[in-house]
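To keep things clear, I will list the structure first and then write my remarks on it.
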Protein chains: 2
Amino acid sequence: MASQRGEGETTTTPAEAADKERARAIPEAAVARLAVYLRVLSGMSESGVTAVSSEELSQAAGVNAAKLRKDLSYIGSYGTRGVGYDVEVLVSHIERILGLTRNHSVAVVGIGNLGHALANYGGFPGRGFPVTALFDVDADLVGIPVGGIPVNHIDEITAICREREVSIGVIATPPPAAQSVCDRLVSAGVQCILNFAPVVLQVPDNVEVRKVDLAVEMQILSFHVARRADEAASVSVGNNGLGVDGMVIRP
Amino acid sequence: MASQRGEGETTTTPAEAADKERARAIPEAAVARLAVYLRVLSGMSESGVTAVSSEELSQAAGVNAAKLRKDLSYIGSYGTRGVGYDVEVLVSHIERILGLTRNHSVAVVGIGNLGHALANYGGFPGRGFPVTALFDVDADLVGIPVGGIPVNHIDEITAICREREVSIGVIATPPPAAQSVCDRLVSAGVQCILNFAPVVLQVPDNVEVRKVDLAVEMQILSFHVARRADEAASVSVGNNGLGVDGMVIRP
DNA sequence: TACCGCTTGTGAACGCATGCACAAAGTCGG
DNA sequence: CCGACTTTGTGCATGCGTTCACAAGCGGTA
């Protein structure tokens with residue numbers, strides 16, 4: 001057991017609240033993967049699969065089997081040695097850890113191309129994330145329903161977010177507006193923000209921001225294209241100095 | 001010097017190609033940040049700023065100053081001690097490292113809501129990524145221009161990607177179609193893929209995939225919402241069982 | 001020219017995450 | 001009831017990435 005982390009602040013915890021303590025200890029990277037496992041498991045569940053081994057699941061999720069087991073161990077021991085995991089059990093535990101048992105009301109700000117796409121996603125991929133509010137500066141858009149929800153003016157963010165208990169704000173505005181929108185969301189009490197604008201947002205410590213940056217993604221790919229090209233070039237020129245036809249050691 | 005990695009395959013390299021060797025050594029995480037620095041620097045450049053210190057730049061990019069300097073050191077020493085960095089110089093070097101000197105032709109597959117949004121982004125955020133081809137299964141869409149480019153049928157992927165030398169493929173299809181589309185892109189010689197479909201793609205080793213997964217992002221945020229809520233609860237109830245006044249060990 | 005203050009570049013320590021390898025724990029067949 | 005086989009859960013080692021702290025280097029000033 002890796003529990004009992006000698007931090008001097010935790011003594012023994014009750015039974016039920018053990019999850020909460022555990023949640024603090026789950027590495028960020030593992031959380032992202034848990035979400036992936038959850039999707040794969042949901043798919044299996046719908047296909048009628050009831051049990052799965054770490055080997056199968058890890059392959060379906062595109063990760064190492066050992067890593068998968070370690071990730072699952074962060075949320076507790078719900079497998080059966082010699083057998084594997086019960087799909088339903090895993091699904092429900094992961095859902096609980098990820099906080100998907102409660103609904104998270106979502107507000108989308110900036111109803112341009114992307115905002116439209118997001119609003120129309122329809123309840124957002126994976127249940128549990130109802131879009132309950134849309135905002136834009138453009139007065140012409142106000143009142144028009146997109147994906148079933150009428151657009152409100154951006155000035156109403158604070159009031160409406162409070163009223164509808166929005167817990168996640170999605171920023172899909174042009175870059176210059178992003179920070180200001182962010183500030184308003186924060187002052188409305190929104191503590192989690194998903195930012196599509198290519199801008200580094202400044203937020204207080206108690207607000208969590210995740211960024212989806214297309215330009216960055218493209219540039220990372222570009223980097224790899226370039227790296228590949230260079231490698232190919234250096235190979236075709238001559239294997240890093242070591243003989244071409246001679247004693248090629250290379251396995 | 002961290003060079004001379006004792007892998008037995010690298011000897012000494014010429015002068016100019018030093019970049020190429022360096023590129024292999026840049027940590028993936030650093031590459032992502034370089035892209036961010038580049039954007040910030042571009043903005044500064046447009047604002048007429050010509051010089052910047054690591055402190056200023058790091059703050060604008062939302063990272064630690066030491067980390068920024070280390071990241072920049074991966075691409076070489078282009079700063080002046082006691083002064084800082086020349087904005088233009090940094091911009092051009094980062095662009096070169098990221099492979100942005102050549103153009104990367106992009107193909108978008110799946111012209112739904114998201115595909116539309118992507119096609120309309122107009123040359124893609126940050127120059128250098130011209131969208132040169134669009135594909136969809138829907139015959140009704142074929143021929144219709146989106147963002148200035150006519151949609152082609154998905155069956156033409158291989159031919160057109162080859163012809164237009166597409167180097168980056170963007171998958172914006174529904175989940176079930178993603179793997180098949182991916183396979184076709186790969187067989188057309190595309191080596192870099194940006195995947196928006198919530199599916200784990202199986203690709204050969206020589207293909208680079210980056211994933212943008214809205215559901216996962218939302219669920220990570222959900223996790224943090226839950227964590228916060230738990231923390232708040234445990235604080236308001238009484239600090240982890242240790243006495244408010246009595247020895248409440250919390251049931 | 002010599003000194004002073006400022007900022008870069010980087011060696012080294014630290015911490016987190018990954019992967020290995022194996023004991024523990026269960027099932028199944030005899 | 002026992003032994004063989006399977007699969008989980010995890011201690012440990014390894015490697016990568018982040019952070020610290022400081023020497024090296026440069027411009028400005030007297």
Side-chain angles (χ1 to χ4, degrees), chain A residues 1-7 18 22-37 41 49-87 89-90 93-94 97 220, chain B residues 1-7 18 22-37 41 49-87 89-90 93-94 97 220:
Chain A
M1 287 293 167
S3 49
Q4 295 296 44
R5 327 171 61 229
E7 286 186 356
R22 242 188 229 117
R24 318 196 85 239
I26 302 180
E28 188 78 15
V31 174
R33 286 190 298 267
L34 283 173
V36 175
Y37 305 153
L41 287 165
V49 179
T50 59
V52 67
S53 74
S54 66
E55 189 61 43
E56 295 169 293
L57 182 52
S58 71
Q59 216 155 3
V63 304
N64 180 306
K67 194 190 304 197
L68 176 128
R69 287 201 298 274
K70 180 143 288 194
D71 287 344
L72 292 183
S73 81
Y74 289 130
I75 67 173
S77 305
Y78 301 115
T80 308
R81 299 178 186 223
V83 177
Y85 300 90
D86 182 287
V87 173
V89 169
L90 268 194
H93 278 113
I94 295 179
I97 289 287
I220 293 173
Chain B
M1 287 291 166
S3 49
Q4 294 298 43
R5 328 170 61 228
E7 287 187 356
R22 245 189 226 117
R24 316 198 84 238
I26 303 180
E28 188 77 15
V31 174
R33 286 190 298 265
L34 283 172
V36 175
Y37 305 153
L41 286 165
V49 179
T50 59
V52 67
S53 73
S54 64
E55 189 61 44
E56 297 168 292
L57 182 53
S58 69
Q59 216 156 3
V63 303
N64 179 306
K67 194 190 301 198
L68 177 128
R69 288 201 298 274
K70 177 137 289 193
D71 287 344
L72 292 182
S73 81
Y74 290 130
I75 67 173
S77 304
Y78 300 115
T80 308
R81 296 173 189 230
V83 178
Y85 300 90
D86 181 287
V87 173
V89 169
L90 268 194
H93 279 111
I94 295 179
I97 289 287
I220 293 173

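Everything numeric here is computed off the predicted structure, so don't read it as measured data. Chain letters run A, B, ... following the sequence lines, proteins first, then strands; residues in each count from 1.
Contact check, B:Tyr74 against D:dC16: no side-chain N or O comes under 4.0 Å of OP1 or OP2. Phosphate contact (OP1/OP2 of D:dT7, side-chain N/O of A:Ser53, threshold under 4.0 Å): absent. Neither OP1 nor OP2 of C:dT8 sits under 4.0 Å from any side-chain N or O of B:Thr80.
One interatomic measurement links the two molecules: CD of B:Glu28 to P of D:dG17, which rounds to 9 Å at whole-angstrom precision. To the nearest angstrom, C1' of C:dG9 lies 13 Å from CG of B:Leu90. Regarding A:Ile26, its CD1 atom lies at a distance of 13 Å from the P atom of C:dT18, rounded to whole Å. For B:Ile75 and C:dT8, the CD1 to P distance is 14 Å, given to the nearest whole Å. The NE2-C1' distance, from B:His93 to C:dT8, rounds to 16 Å in whole Å. We find that CG of A:Leu72 is positioned 16 Å from P of C:dA17, with the value rounded to whole Å. Residue A:Glu55 contributes atom CD, which lies 13 Å from atom C1' of C:dG19 at whole-angstrom precision.
Near DNA chain D, defined here as any heavy-atom distance below 4.0 Å, the residues from residues 61-71 of chain B are B:Asn64, B:Ala66, B:Lys67, B:Arg69, B:Lys70, listed numerically.
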B:Leu57 and B:Leu90: side-chain contact (heavy atoms from CB on, under 4.5 Å), yes or no, with the steps? CA-CA 11 Å; B:Leu57 182 53; B:Leu90 268 194; 4.2 Å; yes
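The side chain of B:Tyr85 has C:dT8 as its nearest neighbour among C:dT8, D:dC26, D:dT8. Here the side chain of B:Ala29 is nearest to one of C:dA17, C:dT27, D:dG17, namely D:dG17.
Minimum interatomic distance between B:Val87 and B:Ala51 (heavy atoms only, all atoms of both residues): CG2-N, 3.8 Å. Residues A:Ser54 and A:Ala65 come closest through the heavy atom pair O-CB, 4.3 Å.
Between the side chain of A:Arg81 and the base of D:dT7 there is no donor-acceptor pair of N/O atoms closer than 3.5 Å.
For the atom pair CD1 (A:Ile94) and CD1 (A:Ile75), the distance works out to 5.0 Å, reported to the nearest 0.5 Å. In this structure, CZ in A:Arg69 is found 8.0 Å from CD in A:Glu55, a value given to the nearest 0.5 Å.
Across B:Val63, B:Leu72, B:Leu68, a single residue satisfies side-chain contact (heavy atoms from CB on, under 4.5 Å) together with B:Arg33, and that is B:Val63.
Scanning for side-chain hydrogen bond (donor to acceptor under 3.5 Å, both in side chains) contacts around B:Tyr85 gives an empty result, with sequence neighbours left out.
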